[in-house]
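Here's the structure, in structure tokens; my notes come after.
As the structure is a prediction and not an experimental result, all values here were calculated from the model. What you see below is based on every heavy atom in this structure, not just the backbone, and it leaves out hydrogens, waters and symmetry mates.
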Amino acid sequence: MRYDLTTREQQRLSVVAHRDGGRTLSAYRSDDPDACALSLRLTSGEAAALVDALLPTHQSPNLLHTTDLGLVAERIEIAATSHWNGRVLGETHLRTETGASVVAVLRRAEAIPSPTPDFRLAGGDTLIVIGTREGVESAAAILGRE
């Protein structure tokens, strides 16, 4: 998942959250917003240390993380070209195949909690999936099918 930020001084930054918990922090040139001036790959521990340094009492709703219970929550987007675009959630067999659960769907400015198996997926939907690291990675592979 990629998060973009433009500062008050019109500097562009992005953070890419990787499935392994690592992050890539990038800063872009002001004279060419497509040219990357700096890119740092951080391990999950380094990313956590940076968050603690920036905001010591952090609770970021955008950066989903592993809990003490060994579960992972991740945002997985359905592409417009996805095999699942227009199909119902139950057809994916995610829970049966991976043990991971879709706990919500973000569609435009709306959040749909606890979607039922007959919920129809659409390109651009972002599914909030919770499960073990392996289960969520398997779910991402299934949902990424084109």
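Residues that satisfy the side-chain hydrogen bond (donor to acceptor under 3.5 Å, both in side chains) test with Ser30, not counting sequence neighbours, are absent from this structure. For Arg2, the salt bridge (Lys or Arg N to Asp or Glu O under 4.0 Å) partners at least two apart in sequence or on another chain are Asp4. In this structure, the side chain to side chain contact (heavy atoms under 4.5 Å, CB included) partners of Ser138, at least two apart in sequence or on a different chain, are Thr98. In this view, Gln10 and Thr6 satisfy the side chain to side chain contact (heavy atoms under 4.5 Å, CB included) rule, not counting sequence neighbours. Applying the side chain to side chain contact (heavy atoms under 4.5 Å, CB included) test to Arg107 and every residue at least two apart in sequence or in another chain returns Ile112, Phe119, Ala122, Asp125. Under the side-chain hydrogen bond (donor to acceptor under 3.5 Å, both in side chains) criterion, Thr126 pairs with no residue at all, not counting sequence neighbours. Looking at residues two or more places apart in sequence or on another chain, you find a side-chain hydrogen bond (donor to acceptor under 3.5 Å, both in side chains) between Ser26 and Ser39. Checked against salt bridge (Lys or Arg N to Asp or Glu O under 4.0 Å), Arg87 has the following partners two or more places apart in sequence or in another chain: Glu91. Looking at residues two or more places apart in sequence or on another chain, you find a side chain to side chain contact (heavy atoms under 4.5 Å, CB included) between Thr43 and Glu46. Residues meeting the salt bridge (Lys or Arg N to Asp or Glu O under 4.0 Å) test with Asp31, sequence neighbours left out: Arg29. Every residue two or more places apart in sequence or in another chain was checked for a salt bridge (Lys or Arg N to Asp or Glu O under 4.0 Å) with Asp34, and none qualifies.
Linking Ile, Leu, Val, Met, Phe, Trp and Tyr whenever their side-chain heavy atoms come within less than 4.5 Å puts Val103 and Leu106 in one cluster.
When all heavy atoms of Cys36 and Tyr28 are compared, the closest pair comes out as CA-CD2, 3.8 Å. The shortest non-hydrogen separation linking Ala100 to Ala139 is CB-CB, 4.3 Å. Closest of all the heavy-atom pairs between Ala80 and Asn85 is O-ND2, 2.9 Å. When every heavy atom of Ile142 is checked against every heavy atom of Thr92, the shortest pair comes out as CG2-O, 4.1 Å. Considering every non-hydrogen atom in both Ile76 and Val136, the closest pair reads CD1-O, 4.2 Å. Nearest heavy-atom pair across Leu71 and Thr132 is CD2-N, 4.2 Å.
Arg23 places a side-chain N or O within donor-acceptor distance of the main-chain N or O of Gly21, the cut-off being under 3.5 Å. In this structure, Arg120 contributes its side chain and Gly86 its backbone to a donor-acceptor pair below 3.5 Å.
Rounding to the nearest 0.5 angstrom, the gap separating the CD atom in Glu77 from the OG atom in Ser82 is 10.0 Å. The line from CG of Leu127 to CG of Leu121 is 5.5 Å long, rounded to the nearest 0.5 Å.
Tested against Arg19, the residues Glu134, Glu74, Glu137 include a single salt bridge (Lys or Arg N to Asp or Glu O under 4.0 Å) partner, Glu74.
More than 12 heavy atoms of other residues, nucleotides or ligands sit less than 6.0 Å from atom CZ of Arg12.
Counting Ile, Leu, Val, Met, Phe, Trp and Tyr side chains that sit under 4.5 Å apart, directly or through other members, Leu13 shares a hydrophobic cluster with Leu5.
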